[in-house]
Protein chains: 2
Amino acid sequence: MKELLKQTLPFWEDLTGNEQNTLAQGVVKSSYEKGNVLHYGGRECAGVQIIKSGQARVFVTSPGGGEITLFRLLEGDVSILSAACMMKGLDIELDMEIEEDSIIYTIPKVLYKDISDQNTTVKDYTLEMISEKFSDIMWLFNQYVFSNVASRLADTILEHRALAGSDTLAITHDVLARDIGTAREVVTRLLKQFQIDGLVKLTRGRIEVLDGANLGKV
Amino acid sequence: MKELLKQTLPFWEDLTGNEQNTLAQGVVKSSYEKGNVLHYGGRECAGVQIIKSGQARVFVTSPGGGEITLFRLLEGDVSILSAACMMKGLDIELDMEIEEDSIIYTIPKVLYKDISDQNTTVKDYTLEMISEKFSDIMWLFNQYVFSNVASRLADTILEHRALAGSDTLAITHDVLARDIGTAREVVTRLLKQFQIDGLVKLTRGRIEVLDGANLGKV
DNA sequence: CTTGTTTTGTGATTTTGTCACAGAAGAATC
DNA sequence: GATTCTTCTGTGACAAAATCACAAAACAAG
C-alpha cells in the first residue's frame with residue numbers, strides 16, 4: 001500500500017512518518033466495472049484518486065446528451081480534479097466513465113486537505129497538478145474552437161494509437177465521436193473519406209492506421 | 001500605492017512589514033492606450049497585474065485569425081494568469097487587448113514568486129485565483145461546445161449590458177463576434193432576427209436591449 | 001440458423017461558417 | 001456643405017458540419 005503511494009505521489013518523501021501513516025491508513029480502495037459512470041461536481045467529490053489498474057475517461061456532458069472527452073486516466077495516474085470540490089474557487093462538473101475494470105485508491109478529501117494545509121510541498125503539488133490540467137484543457141479548447149472536425153478526428157485516432165501502442169485499434173465510431181464532441185454519423189463519413197484516401201482501413205469495431213504520417217497532416 | 005495593494009490583495013494583511021515594503025517598492029506602474037495588445041505565453045510573462053483604471057480583454061487566438069474572449073479585466077481586478085509562466089505546469093498562450101486607456105500596476109514575477117514561496121496565505125490565494133479562472137473557462141468551454149450561436153450571442157449582449165449598466169450598448173457586431181468566437185456576418189444576421197423578434201433595436205455602433213428577459217431565453 | 005443487439009451507412013434538412021462584395025453612416029478634409 | 005475616407009453593416013452564394021430519421025450489415029447468443 002505505502003509502496004503505491006510512494007510511487008505515485010511525488011511529495012511522499014516530504015511527509016513526516018506520521019503523515020505517511022495517516023495517509024496510508026485513510027486511503028480507500030474501490031473497484032469499478034467497465035461502464036460505471038461517476039460524477040464530480042458542485043459541492044461533492046471523492047478526493048484525490050490514484051489509478052492502481054484499469055482505465056477511465058473524464059468528460060463533460062451537455063444537457064442535450066452531447067459529450068466531449070477531456071482526458072483519460074491510466075494505470076499510475078493521479079486525478080486531482082476528482083477532489084476539485086475541496087478547492088476554493090474551483091467549481092466544475094465532470095463525469096468519469098470507467099473504460100476498463102479498474103481498481104482505484106482514493107485519498108478522502110478531508111485527509112488530503114489537512115495534509116495539504118500543513119505541508120507546503122503538498123500544496124505546491126496541488127497547484128502544479130491543477131495548472132497542468134488547466135493547460136491541457138486550454139489546449140483542448142483551442143483545438144475545439146479553431147480546428148475542423150476532420151483534423152480533430154485524425155488527432156484523436158493518433159492519440160488512441162499511441163495509447164494502444166498498435167496500429168490496429170479496437171474502437172467504435174461512437175467512442176471517437178464522444179471524444180471529439182461531434183455526432184457519430186459525422187465520424188462515419190469522415191472515416192470513410194480517410195479510408196478512400198488510404199489513411200486507414202475500417203472494419204466493424206476496428207480501425208487500422210495505414211498512414212499515420214499523412215493522417216497527422218489532415 | 002500601499003493603499004491600492006491593500007485594497008486589491010486579500011493577503012496584504014498577512015504579509016510582514018518587510019514583505020509589504022518589498023512589494024510596494026517592486027511594483028511597476030505602466031499606462032497603456034486603447035488598442036494596445038499584450039501577449040503572455042510560453043516562457044515569458046509580466047507578473048501579477050492590478051488594474052488601477054481602464055479595461056482590458058483577455059482572449060485566445062487561432063492561427064487563422066479567429067478570436068474568442070475568455071474574460072475582461074476591470075478596475076480593481078487582479079490578473080493572475082498574466083503570471084502563468086512562473087507556475088510550474090501552467091503553459092498557456094493568451095493575448096490581452098486594452099479596451100480603454102489603462103493604468104496597470106505589475107508585481108514582477110520573481111517578486112511574487114519569492115513572497116508566494118515564503119507565505120502560505122499568498123500560495124493559497126494563488127491556488128484560489130487559478131482555480132477560479134479554471135472554473136470560468138470550463139464554463140465557457142461548455143457554453144461554446146454545447147450552446148448554439150444565437151444563445152451565446154444573447155448571453156454576451158446581456159453581459160455587456162450588465163457591464164455597462166445600461167440598456168444601450170456602444171458596441172459593434174465585430175466586437176461581439178470576437179467575444180463569442182464566430183464571424184461578424186453571423187452576428188449581423190442573428191441580431192437582425194433579434195430585432196425582428198423585438199428583443200433589441202439596432203443602429204450603427206449601438207445596440208439597445210428592449211426585452212432583456214426574453215433575450216435571456218434565446 | 002434464427003433472433004437480438006450493436007455498429008455502420010446514407011439521404012434530407014438545418015445551422016453555422018466562409019467568401020466576396022455592396023451599400024450606409026459618420027468622420028475628416030476641402 | 002460637398003466630397004472623400006473609413007468604419008460598420010447587409011446580403012447572396014456556397015461549403016462545412018450538425019441533426020434527424022431510418023436502413024443495412026456484422027456479430028453474439030440462444
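Basis for what follows: all heavy atoms, side chains included, without hydrogens, waters or symmetry-related copies. Chain letters run A, B, ... following the sequence lines, proteins first, then strands; residues in each count from 1. Please read all numbers here as calculations on a predicted model, not as lab measurements.
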Working for side chain to side chain donor-acceptor pair (under 3.5 Å), residues A:R152 and A:T156: CA-CA 6 Å; A:R152 265 157 51 218; A:T156 309; over 6 Å; no
Derivation and outcome, side chain to side chain contact (heavy atoms under 4.5 Å, CB included), residues B:L215 and B:R161: CA-CA 12 Å; B:L215 194 57; B:R161 182 175 69 153; over 6 Å; no
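Protein atom OH of A:Y144 is 14 Å distant from nucleotide atom C1' of C:dG17, rounded to whole Å. One can place CG of B:L176 at 12 Å from P of D:dC8, the figure rounded to the nearest angstrom. Distance, B:L153 CG to C:dG17 C1': 15 Å, rounded to whole Å. Look at CG on A:L190: it is 14 Å from C1' on C:dG9, rounded to the nearest Å. We find that CZ of A:R178 is positioned 16 Å from P of D:dA18, with the value rounded to whole Å. Nucleotide D:dG10 holds its C1' atom 12 Å from the CD1 atom of B:I196, rounded to whole Å. For the pair A:E185 CD and D:dA23 C1', the interatomic distance rounds to 13 Å; values are reported in whole Å. In this structure, A:K192 places its NZ atom 19 Å from P of D:dA16, rounding to the nearest Å.
Nearer the 5' end of DNA chain D, as judged by each residue's closest nucleotide, is the contact made by B:L191, out of B:L191 and A:A150.
Closest contact between the side chain of B:R189 and the listed nucleotides D:dT9, C:dT10, C:dT18 involves C:dT18. Candidate nucleotides C:dA20, D:dC20, D:dA25 were compared by shortest atom distance to the side chain of A:R204, and D:dA25 ranks first. For A:V186, whose side chain is taken as the heavy atoms from C-beta onward, the closest listed nucleotide among D:dA18, D:dG10, C:dT8 is D:dA18. Relative to the side chain of A:V149, the nucleotides D:dG10, C:dT10, D:dA17 differ in distance, and D:dA17 lies closest.
A close approach under 4.0 Å does not occur between any side-chain nitrogen or oxygen of B:H173 and OP1 or OP2 of D:dC8. In this model, the phosphate group of C:dG17 is approached by a side-chain N or O of B:T182 to a distance below 4.0 Å at OP1 or OP2. Phosphate contact (OP1/OP2 of C:dT7, side-chain N/O of A:T172, threshold under 4.0 Å): absent.
For B:E44 and B:H39, the side-chain atoms include no donor-acceptor pair closer than 3.5 Å. When only modelled atom types and interatomic distance are considered, A:Y105 and A:T8 share no side-chain donor-acceptor pair under 3.5 Å.
Looking at B:R184, its side chain has no donor and acceptor atom pair within 3.5 Å of the base of C:dG17.
Cation-pi check for A:K133 over A:F71 is met; the charged atom lies under 6.0 angstrom from the ring centroid and within 45 degrees of its normal.
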